[in-house]
Amino acid sequence: MGITVRRPMVGAQQGLHRSPNFGASVEFAEYREYRPGDSPGLIDWAVFARSDKYMIRRFQEETNLRAYILMDVSESLLYRETGPMTKMDYACFLAAGLMYILIHQSDWVGLLTFDQKLKKTFQPVGSFEGLRPLLLHLEDIVPKGVSNIEAALHETAELIQSRSLVILISDLLQDPAQVMRGIRHLQHDGHDVTVLHVLDGGELALPFDGLVELRELETSRKLVVEATEIKTAYARAVERHLDALQRGCTDCMADYFRMETRMPVEEALHRRAGRK
């Protein structure tokens, strides 16, 4: 199992991912004409025999990847209804697993957490020893406050200088159009974006009936509703929201994965690694 990207990346050493630079790796890219100063050993003599032209084979360099895990730590991630753990716990397990995979395949990974803005920033590390502070921070996260996903994405785009993979882990409780504006900013700057949408099954279909009082975790606002009467309308609204997010990510060339907390974390990681 490994993590790959759509776009060529610029790294500090050889790795698994395509680079915009050319070098002497195993992946053939194109031919170019021989120029004075080139080593004769680079000439493809089979092409010369066919065309009477001196041509050099160019290869695509492989490079290591720099990735950033961008984690929503707002209070809505404390929600748990049908899953075995809160959305926050699930998100942390996802983040830890992704970090391990990236380091294992000789890539670099950093961690950014946010609510209304970026809160904590860990620059990318390339070793398991360097990963320790990031993992310890995941254990200490206490979700609170209101999230602003768009603002955090814009701030991340301004922070990251070189082409990178940005993996957003969030419950995406914001207008999809606003989220997409932030994703487009990252894509415009040359970054590869993956969205891991963490959901509890209780958010997809109301798990109760009758008269109930609901409380919004991030604002503590309360609402009394007759759950039975709004179930159908609620399910349709959720479906529209999810469809808008998925279509928006597709339009932005970002990978989108919906991950319910009832799904084993290992299976969720395999889905991202296989882009399924």
N/O donor-acceptor pair under 3.5 Å between [X] side chain and [Y] backbone:
| X | Y | answer |
| --- | --- | --- |
| Gln187 | Met253 | yes |
| Ser147 | Ile149 | no |
| Asp107 | Leu65 | yes |
| Gln116 | Asn148 | no |
| Asp189 | His191 | no |
| Tyr90 | Met263 | yes |

Would you call [X] and [Y] a side-chain contact if the rule is heavy atoms closer than 4.5 Å?
| X | Y | result |
| --- | --- | --- |
| Ile169 | Asp72 | no |
| Lys144 | Ser74 | no |
| Glu155 | Leu159 | no |
| Thr156 | Leu186 | yes |
| Phe48 | Asp44 | no |
| Thr194 | Leu168 | no |
| Leu165 | Tyr68 | no |
| Gln246 | Arg258 | yes |

Rounded to the nearest 0.5 Å, what separates atom [atom1] in [X] from atom [atom2] in [Y]?
| X | Y | atom1 | atom2 | value |
| --- | --- | --- | --- | --- |
| His137 | Arg132 | NE2 | CZ | 15.5 Å |
| Cys249 | His197 | SG | NE2 | 10.0 Å |
| Glu81 | Leu204 | CD | CG | 12.0 Å |
| Lys87 | Ser170 | NZ | OG | 8.0 Å |

Under a 4.5 Å side-chain heavy-atom rule over Ile, Leu, Val, Met, Phe, Trp and Tyr, are [X] and [Y] clustered together?
| X | Y | answer |
| --- | --- | --- |
| Ile141 | Leu135 | yes |
| Leu269 | Leu111 | yes |
| Leu211 | Val225 | no |
| Leu78 | Val146 | no |
| Met71 | Met259 | yes |

Taking [atom1] in [X] as the centre, count heavy atoms belonging to other residues, nucleotides or ligands within less than 6.0 Å. Is the count above 12?
| X | atom1 | answer |
| --- | --- | --- |
| Arg262 | CZ | yes |
| Phe122 | CZ | yes |
| Glu239 | CD | no |

Shortest non-hydrogen contact from [X] toward [Y]:
| X | Y | result |
| --- | --- | --- |
| Tyr234 | Glu203 | OH-O, 2.6 Å |
| Leu112 | Leu118 | CB-CD2, 4.3 Å |
| Ala95 | Leu138 | CB-CD1, 4.1 Å |

Are [X] and [Y] linked by a side-chain donor-acceptor pair shorter than 3.5 Å?
| X | Y | result |
| --- | --- | --- |
| Asp200 | Thr82 | yes |
| Ser76 | Asp171 | yes |
| His154 | Glu158 | no |

Pairing of Asp243 and Arg247 as salt bridge, 4.0 angstrom limit =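 Result for this pair is no, no salt bridge flagged.
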Pair Glu150 + Arg181: basic N to acidic O under 4.0 Å =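 Yes, this pair counts.
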